[in-house]
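Note that the structure is predicted; figures quoted are calculated from it, not measured.
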Amino acid sequence: MNIGQHIYIVKSDSDVQSGIARDWTASFRRFLELLLTRLSGEKVSINEINAHQLDVKAIYTPYTMLVPVLSDDLLQSPTFNEEIKTFHERAINKGYNSISWNSRIFKVLREPQKSHYLLDYLSNSRSYDFFHINAGSDEPVIYDDFTGPTSEKTFWMRLYDLAYDVFKVMDNMSNSENELSTITKGLNP
């Protein structure tokens with residue numbers, strides 16, 4: 001089973017309409033797929049889904065991982081909030097592996113977001129900031145340059161951190177699947 005097929009980047013509806021955010025998310029997905037493919041040694045395909053189309057009941061498996069690209073619009077989406085709650089309920093009650101539900105949500109922040117700590121089902125999930133605050137102006141600097149001279153210290157370092165953490169969870173899930181398969185084979189000679 002290719003666990004990478006169960007990774008979903010969740011974006012807000014406004015990100016779909018905004019050319020900059022849409023292009024950033026598409027590039028982010030391609031680069032994350034590339035890094036995860038290199039780490040895992042198998043082709044990884046990541047799904048992009050809009051908040052209003054998110055249906056956890058339809059996509060949920062014990063291997064499902066969510067990568068929400070947080071924005072004010074996404075955090076205020078009733079659909080997103082309800083689906084994150086559903087993910088939590090399904091993952092906490094139906095997981096047969098030892099992977100905790102909140103370690104399967106990887107929050108991506110393109111700009112500062114304070115309200116993501118207010119959502120119970122996001123507060124303990126891992127967070128990856130693709131921005132920093134300029135010390136001189138207190139303004140956020142968004143990492144939207146993937147190839148420039150500073151991209152290696154900004155965008156790519158965050159992306160490597162995220163890819164490695166996702167890979168660790170993928171690897172743990174794969175090991176759990178192999179262990180369960182071994183146990184099942186022993187029970188059914």
Side-chain angles (χ1 to χ4, degrees), residues 1-11 15 21-51 53-70 74 80 83-84 86-88 90-110 121-122 124-131 143-147 151-186:
M1 167 181 275
N2 184 345
I3 293 173
Q5 294 174 342
H6 299 277
I7 301 172
Y8 294 86
I9 294 177
V10 183
K11 55 191 176 183
D15 284 349
R22 183 182 62 242
D23 294 345
W24 188 92
T25 304
S27 296
F28 169 78
R29 179 187 50 77
R30 281 195 316 273
F31 294 140
L32 183 57
E33 283 176 341
L34 174 71
L35 291 175
L36 288 173
T37 295
R38 287 184 181 169
L39 287 168
S40 69
E42 60 183 55
K43 176 78 172 124
V44 173
S45 296
I46 298 173
N47 305 285
E48 280 186 50
I49 194 165
N50 301 341
Q53 297 172 324
L54 182 60
D55 182 2
V56 168
K57 291 176 184 172
I59 65 169
Y60 184 81
T61 72
Y63 308 105
T64 302
M65 290 181 264
L66 301 178
V67 183
V69 179
L70 298 183
L74 185 64
F80 176 72
E83 293 302 317
I84 288 293
T86 301
F87 181 83
H88 167 261
R90 287 195 167 228
I92 204 163
N93 293 323
K94 297 188 179 176
Y96 64 81
N97 55 36
S98 61
I99 310 301
S100 68
W101 69 272
N102 62 339
S103 67
R104 294 192 289 145
I105 299 174
F106 303 87
K107 300 179 292 197
V108 170
L109 288 88
R110 285 191 60 231
Y121 305 111
L122 285 179
N124 292 325
S125 301
R126 296 175 183 159
S127 182
Y128 302 86
D129 296 345
F130 283 81
F131 69 91
Y143 303 157
D144 56 3
D145 180 9
F146 313 121
T147 59
S151 66
E152 190 173 309
K153 293 180 182 177
T154 56
F155 178 82
W156 286 99
M157 288 303 293
R158 298 306 186 290
L159 191 64
Y160 281 123
D161 290 343
L162 171 61
Y164 183 72
D165 289 345
V166 170
F167 172 72
K168 285 192 307 189
V169 173
M170 287 172 60
D171 191 44
N172 287 339
M173 288 178 176
S174 180
N175 289 339
S176 294
E177 181 181 326
N178 293 338
E179 184 178 323
L180 184 64
S181 174
T182 302
I183 292 169
T184 306
K185 285 179 186 175

Interatomic distance, CD@E33 vs CG@N47, rounded to 0.5 Å, equals 8.5 Å
Gap separating the CZ atom of F28 from the CD1 atom of I46, nearest 0.5 angstrom | 7.5 Å
How would you list, by chain and number, every residue that makes a side chain to side chain contact (heavy atoms under 4.5 Å, CB included) with E48, sequence neighbours excluded?
-> I9, K11, T25, A26, R29
If you look at every heavy atom in L36 and A163, which pair is closest and at what distance?
-> CD2-O, 3.3 Å
Considering only heavy atoms from C-beta outward, does the side chain of D165 approach that of K168 to under 4.5 Å?
-> yes
Separation of W156 CH2 from Y160 OH (nearest 0.5 Å) | 6.0 Å
Would V10 and E83 satisfy side chain to side chain contact (heavy atoms under 4.5 Å, CB included), going step by step from the backbone distance to the final call?
-> CA-CA 11 Å; V10 183; E83 293 302 317; over 6 Å; no
Walk me through it: do M173 and T61 pass the test side chain to side chain contact (heavy atoms under 4.5 Å, CB included)?
-> CA-CA 11 Å; M173 288 178 176; T61 72; over 6 Å; no
Using 30° and 60° as the class limits, which term best fits the ring planes of H6 and Y63: parallel, tilted or perpendicular?
-> tilted
Point-to-point distance, once rounded to the nearest 0.5 Å, from CG of L39 to OH of Y164 = 8.5 Å
Looking at residues at least two apart in the chain, or sitting in another chain, which of them share a salt bridge (Lys or Arg N to Asp or Glu O under 4.0 Å) with D161?
-> none
Okay, side chain of R104, backbone of P62: is any donor-acceptor separation there less than 3.5 Å?
-> yes
Could you tell me whether the side chain of T64 and the main chain of I59 form a donor-acceptor pair under 3.5 Å?
-> yes
Any donor-acceptor pair under 3.5 Å from S27 side chain to W24 backbone | no
Give, for atom CZ of F80 and atom CG of L70, the distance between the pair rounded to the nearest 0.5 Å.
-> 6.0 Å
T37 side chain vs V44 backbone, donor-acceptor pair below 3.5 Å = yes
Return the minimal non-hydrogen interatomic distance between F106 and M65, and the atom names on each side.
-> CE1-SD, 3.8 Å
Just how far is it from atom CG of L35 to atom CG of L162, taken to the nearest 0.5 Å?
-> 9.0 Å
Partners passing side chain to side chain contact (heavy atoms under 4.5 Å, CB included) against R158 (at least two apart in sequence or in another chain) | F130, Y143
